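Here the structure is laid out as C-alpha cells; the discussion comes afterwards.
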Amino acid sequence: MRSITVSDLEQKSQRLPQDTTLAIETAELPPDLVPSNLSSEEAADFLEPSLRILTYHSNLKPHLDNGMNQNGIYYNVDYYRLYLAFVQFQKAFGILFPHEVVKIRKIPLPPSSMSATVSAMSERDRDRDRNMNMKAYRAWIEPLLTETNWAAFRRNLVVGERMVLLTKVVGQGVLLMTKELSGSKLHLTFTNSEWDEFIGGLHLGKWDATIQWDQEHDTTPCLRENGSKSRLVDELKFKFLSECWFHTDGSIVAPPIRKQIIDQRKQQAQLQWQLQENQENISPPASSPPNANNSANSSSSAASASSASSPPSTSAKQTTPSPPAISPSTDITPPAGQITTAP
C-alpha cells in the first residue's frame, strides 16, 4: 500500500467503466412503521426490497478480464457494494424480526489491549452471536443464490466487510487496488481476531514502529490530520483519501477535480512542514554570563532576580498547529452484525 503511487491509482481509475459507482439501490422502511403490528407475511413484504438488492449483488458474476484467472475476478468495488447491501438487509431484518436475531457484542479495539484470556472469550462470544444471526438470515437468502452458494456468499461478505473498514481508516482509494489488494488476500491473510487487531492497531498507530522510515518516504508529502495517532495512516490517507477518487454519491471523481484536491493538500502539507521547521529552529535566549568581580552571594542574588524578572524561554520544540482538515473524521467502529468465515 505504501509503494503504490497516485499515478498508479490514476491509471486504475481511468480503466474503470464510466458507470462505476459505490452506491447501491436503497430500500428504506417507512419511518412510521410499527413492526409489532405486522403479521409475518406483512413483515416479509417489507423485507423483500432489501433482500432483492442483496441477492442481486450476491449473484453478480466475476469479471472475465484477468487473463491468468480463467474464472474471472471480482473488483474490490463489488465486494464493497455487496457488504453495503448486506448491512441494509441486516438493518431491515433486525427491525422487522427483532426476536430472531441477537445484538452483536462489541469489544475494545485493538483486542491486544486486553489480556489474552479476555480477548479470546470476547471473540468466541461475538462469533457465536454472528453465527446465530447468520442462521436466521440463511433461510431467506440461500434459496435466492442462483449464481453462487452459501459458503462463497459468506466468504465474499467477509472480504466486503474488511474493505469497508479499511476505507474508513485510509480512504476509498484502496478500492482501486484490485490486483495489489485482492479479496483473496484480505480473506486468507487474517483470521477474524487478527483482522480486528490489525485494523485497530492501524488506526491507533501501533504499526508505525514496524516501518523503517527511509529518506525517500521522509520527503513524501504527508498531511498530518487533526487528532491523528498514526503517521502511517496519514501517509496512506494522503493518496487514498475518499474525496480524491469518489464523490459522496459514489460516482468517480473527474481527473481535473482530483488534481485540484491533491494540489491543495500538497500545499497544506508544505505549509505544515515549513511551520514545523520554523518551530524546531527556534532557540532559547542565551543567558548572560555572571560578573566575575562580584561575590558569590551577589552573583546568586543577581541570577535569582534576573530569573524572576525574565519571561519563560520558548521551548525548542512546540506542537505544530495543523491546517484545517479537509477530510471527514474516521470512524472505524464495525457495523453491527459482523460475519465470520465459518460456513
Side-chain angles (χ1 to χ4, degrees), residues 17 19-63 72 74-105 126-165 167-168 175 183 246-251 333-343:
D19 59 349
T20 298
T21 178
L22 301 184
I24 62 170
E25 183 183 352
T26 58
E28 297 289 340
L29 295 175
D32 56 349
L33 182 68
V34 182
S36 58
N37 295 337
L38 301 177
S39 65
S40 298
E41 292 75 13
E42 291 172 331
D45 289 339
F46 279 109
L47 183 64
E48 191 278 334
S50 61
L51 176 61
R52 172 178 49 81
I53 294 170
L54 173 59
T55 53
Y56 166 77
H57 288 282
S58 303
N59 289 319
L60 288 178
K61 295 182 179 181
H63 304 277
Y74 289 103
Y75 296 158
N76 289 346
V77 171
D78 299 328
Y79 292 116
Y80 182 92
R81 299 175 73 209
L82 171 64
Y83 189 70
L84 293 187
F86 173 74
V87 170
Q88 180 174 251
F89 166 81
Q90 182 179 239
K91 179 181 178 181
F93 193 97
I95 295 174
L96 296 169
F97 301 97
H99 301 298
E100 295 189 25
V101 293
V102 296
K103 186 176 181 179
I104 304 297
R105 309 173 210 201
R126 191 163 56 153
D127 286 346
R128 182 167 59 249
D129 294 343
R130 291 168 173 170
N131 287 328
M132 289 178 61
N133 289 351
M134 291 304 291
K135 288 179 181 179
Y137 305 148
R138 184 171 186 173
W140 296 83
I141 299 173
E142 188 173 25
L144 302 178
L145 298 179
T146 57
E147 300 295 334
T148 185
N149 55 59
W150 182 250
F153 169 76
R154 292 286 301 271
R155 181 178 63 250
N156 290 344
L157 278 184
V158 171
V159 176
E161 178 189 42
R162 294 176 180 180
M163 289 289 180
V164 169
L165 291 175
T167 62
K168 289 184 177 182
L175 297 177
F246 296 95
H247 293 291
T248 54
D249 64 358
S251 59
T333 305
Q338 292 180 327
I339 38 79
T340 60
T341 58

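We're numbering straight along the sequence, starting at 1. Remember, it's a predicted structure, so these values are computed and weren't measured experimentally.
For the pair Ser50 and Ala27, the tightest heavy-atom approach, listed with the atom from each and the gap, is N-CB, 3.8 Å. Taking both residues in full, the closest heavy atoms of Val101 and Gly94 are given as CG2-CA, 4.2 Å, listed atom of the first, atom of the second, then distance. Of all heavy-atom pairs between Tyr83 and Leu157, the closest is CD1-O, 3.7 Å.
Distance alone, capped at 3.5 Å, is enough to place a donor-acceptor pair between the Tyr74 side chain and the Leu60 backbone. Between the side chain of Asn59 and the backbone N or O of Thr55 there is at least one donor-acceptor pair closer than 3.5 Å. Side-chain atoms of Asn156 never come within 3.5 Å of backbone atoms of Phe153 as a donor-acceptor pair (strictly under, hydrogens ignored). Side chain of Arg81 to backbone of Ala23: a donor-acceptor contact under 3.5 angstrom is found. A donor-acceptor pair under 3.5 Å links the side-chain atoms of Thr20 to the main chain of Pro17, judged by distance alone.
The structure places CZ of Arg130 at 10.5 Å from CG of Asn133, a figure rounded to the nearest 0.5 Å. The CG atom of Leu96 sits 11.5 Å away from atom NZ of Lys91, with the distance rounded to the nearest 0.5 Å. Expressed to the nearest 0.5 Å, how far CG of Asn131 lies from CZ of Arg138 amounts to 11.0 Å. In this structure, CD on Gln88 lies 9.0 Å from CG on Leu29, to the nearest 0.5 angstrom. Distance CD1/Ile53 to CG/Leu84: 11.5 Å, rounded to 0.5 Å. Put simply, CD on Glu100 and CZ on Phe93 are 4.5 Å apart, with the number rounded to the nearest 0.5 Å.
For residues 52-63, every residue pair satisfying the salt bridge (charged side-chain N to carboxylate O under 4.0 Å, His left out) rule, not counting sequence neighbours, is listed here: Glu25-Arg52, Glu48-Arg52.
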Got a list of side-chain donor-acceptor pairs under 3.5 Å for residues 38-47, not counting sequence neighbours?
residue, atom, partner, partner atom, Å
Ser39, OG, Glu42, N, 3.2
Ser39, OG, Glu42, OE1, 3.4
Glu42, OE1, Ser39, N, 2.9

- request: Apply the test side chain to side chain contact (heavy atoms under 4.5 Å, CB included) to residues Val77 and Thr21: give CA-CA distance (whole Å), side-chain angles for both, the deciding distance (0.1 Å), then the verdict.
  value: CA-CA 8 Å; Val77 171; Thr21 178; over 6 Å; no

message: Run the ring pair (Phe, Tyr, Trp, His ring centres under 6.0 Å) test on Tyr137 and Trp150 for me, step by step, so that the C-alpha distance in whole Å, both residues' side-chain angles and the decisive distance to 0.1 Å come before the verdict.
response: CA-CA 11 Å; Tyr137 305 148; Trp150 182 250; 8.6 Å; no

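Residue Tyr56 places its OH atom among 12 or fewer non-hydrogen atoms of other residues, nucleotides or ligands, all under 6.0 Å distant.
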